[in-house]
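Beneath this line is the structure, given in structure tokens, with notes to follow.
Order of appearance sets the numbers: ligands from 1, and atoms from 1 within every ligand.
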Amino acid sequence: MSQSNETIGIIGAGWVGLVTAACFAELGHRVIVLDVVPERIEQLKAGNVPIYEPGLTELLERNKERMSYTLEIKDVTDEADFYFICVGTPPTYSGDADLSAVWAVIDSLPPLERRAVVVMKSTVPAGTGEKVRAALQARGLDHLGYASNPEFLAEGRAIEDFVHPDRIVVGSFEPSDSERVGALYAGIDAPIVYCDVASAEMIKLASNAFLATRISFINEIANVCELTGADVEQVAKGMGLDRRVGPHFLHAGIGYGGSCFPKDVTALKQLAGNSGYHFQLLSSVIEVNELQKRRVIGKLEKHLGSLAGKTVAILGLTFKPDTNDMREAASIVLGSRLLAEGAEVRAWDPLAGRDSYLRGANICDSVLDAVTGADAAIIVTEWKELRELASEQVRGAMRHPLIIDGRNLLDPDQVRAAGFAYDCIGRPGHCNHTPGKATSSEPPAE
Ligand code: UDX
Ligand code: UDX
């Protein structure tokens with residue numbers, strides 16, 4: 001990677017902030033990381049990384065000569081030419097994005113001469129940049145530049161996504177600010193979309209909302225497949241070969257979660273509503289997703305009848321594999337429903353913290369422990385450790401060998417041959433009710 005030596009301030013040492021900081025340092029820049037939480041800065045100074053992201057600890061270690069950590073905004077504004085805002089923008093109860101942390105950063109900027117650029121990396125509603133510019137003017141800081149530079153990092157592969165992005169988006173009021181921000185990515189081979197600030201903000205929200213729409217669409221197709229005998233995996237394959245459709249994000253399951261899709265879809269719908277437009281499509285995307293998390297209950301009742309007194313193993317708690325993040329994970333809704341139905345819930349996850357799951361659920365140290373005595377096991381997160389779930393040992397430990405595959409992770413024929421009853425998402429031809437019995441699509445033996 002080519003060396004360029006700008007000094008960059010990263011404000012907010014969370015998941016996005018730390019990945020961005022480490023990757024910019026890897027590109028050769030000097031990076032100053034600021035956070036308001038003293039323990040977090042102490043940890044980072046001691047070389048301990050407070051978040052889980054594959055490869056991040058190594059990248060921060062490799063570039064530590066070019067990095068420093070601080071609680072003082074002045075340490076950033078005295079030296080850096082770019083102030084990347086990477087603070088949390090969680091949803092408020094109304095679904096609007098909570099920008100209080102963003103404003104706290106803007107208000108914390110000291111009077112300064114340097115013509116630095118404030119760069120928004122956090123996801124914010126379209127129109128926020130305009131308001132930030134007005135706030136800077138009101139504070140006599142209108143000599144500062146402003147740019148919107150949204151991130152498109154997915155958890156579990158964030159460094160790969162930063163280094164090999166599909167595109168880099170930079171929106172600004174002054175073209176020279178866009179060029180300065182774009183130049184920071186020298187060494188990364190990707191198209192840079194230069195545009196106005198509001199469009200850059202909207203590209204981020206619209207991109208996440210569209211990916212979530214694809215997921216809700218394929219989940220609804222899966223639900224229709226269950227009623228018509230089609231196989232959603234075949235359908236997604238056939239659809240995805242159309243280059244206008246493409247194969248990505250057409251994997252049916254039990255709904256999307258995470259720190260981004262749910263909040264960004266809601267924030268965009270709210271933004272539209274606040275602007276006088278009812279975004280019907282997104283209302284449906286959200287509703288379909290919430291229903292999809294609950295459909296598994298219906299499948300369980302089909303196999304087990306009333307769930308009261310039954311034991312159900314939830315396998316996978318995080319919103320997706322390769323992360324310890326449970327924000328908006330389907331496992332939370334599903335677990336709550338099961339407990340409400342009077343079932344006993346046993347849960348397993350290789351990374352999610354013990355204390356981060358539902359009260360009333362038993363967190364188990366192993367898959368085998370979780371399925372012991374269970375009437376059903378549900379694959380909620382497609383962890384690779386679950387690929388071999390349909391084993392003799394697991395069948396022997398379960399009270400009723402039933403697997404509900406919420407991510408279509410397993411090979412139905414292999415599961416059936418191993419003597420399990422099997423159900424999944426949108427593949428009715430591969431489901432069977434009685435352990436080891438032929439699938440329902442096969443005519444009953446004479
Ligand atoms: C954030 C945004 O929430 C999301 O909208 C955007 O898409 C990506 O960046 P994330 O990095 O996951 O997501 O947030 P989080 O892990 O909560 O980190 C935010 C950090 O900012 C925390 O370490 C917090 O202590 C810090 N922070 C918060 C500040 O440094 N200053 C503040 O005023 C508030
Ligand atoms: C997402 C975007 O991918 C990323 O570009 C953006 O910056 C932040 O939000 P992330 O939330 O880490 O990243 O997860 P992602 O891999 O996109 O998955 C989101 C959710 O959708 C997960 O719950 C996943 O299980 C689900 N999903 C994804 C499906 O159900 N089907 C699919 O085909 C793809």
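- Within the 3.5 Å criterion, the main-chain N or O of T123 finds a donor-acceptor partner in the side chain of T89.
- When each atom of ligand 1 is checked for a heavy atom of C86 under 4.0 Å away, the hits are 19 (C).
- Inspection of the S172 and D177 side chains reveals no N or O donor paired with an N or O acceptor under 3.5 Å.
- Close contacts between ligand 1 and T89 involve ligand atoms 2 (C), 3 (O), 4 (C), 5 (O) [criterion: under 4.0 Å to a heavy atom].
- The number of heavy-atom neighbours closer than 6.0 Å to CZ of F217, taken from other residues, nucleotides and ligands shown, is 12 or below.
- In this structure, the side chain of R387 does not engage the main chain of L409 through any donor-acceptor pair within 3.5 Å.
- At least one donor-acceptor pair closer than 3.5 Å links the side chain of H143 to the backbone N or O of L112.
- The shortest N or O to N or O distance between K121 and ligand 1 is not below 3.5 Å.
- Under the 3.5 Å distance criterion, with hydrogens and angles disregarded, no donor-acceptor pair is assigned to the side chains of N408 and R427.
- The backbone N or O of T70 sits nowhere less than 3.5 Å from a side-chain atom of D75 that would complete a donor-acceptor pair.
- Judged as a ring-ring contact (aromatic ring centres under 6.0 Å, His included), and not counting sequence neighbours, the contacts of F24 are H29, F84, F162, Y185.
- V37 counts as a contact of ligand 1, since one of its heavy atoms falls under 4.0 Å from the ligand.
- For ligand 1, the atoms lying closer than 4.0 Å to a non-hydrogen atom of R40 are 23 (O).
- Both the backbone and the side chain of A101 come within 4.0 Å of ligand 1, judged by heavy-atom distances.
- Enumerated by chain and number, the residues approaching ligand 2 to less than 4.0 Å through a heavy atom are E151, F152, L153, A154, E155, K204, N208, I215, F249, L250, H251, Y256, G257, C260, F261, F319, K320, R407.
- Counting heavy-atom neighbours within 6.0 Å of D107 CG, excluding the residue itself, gives a total above 12.
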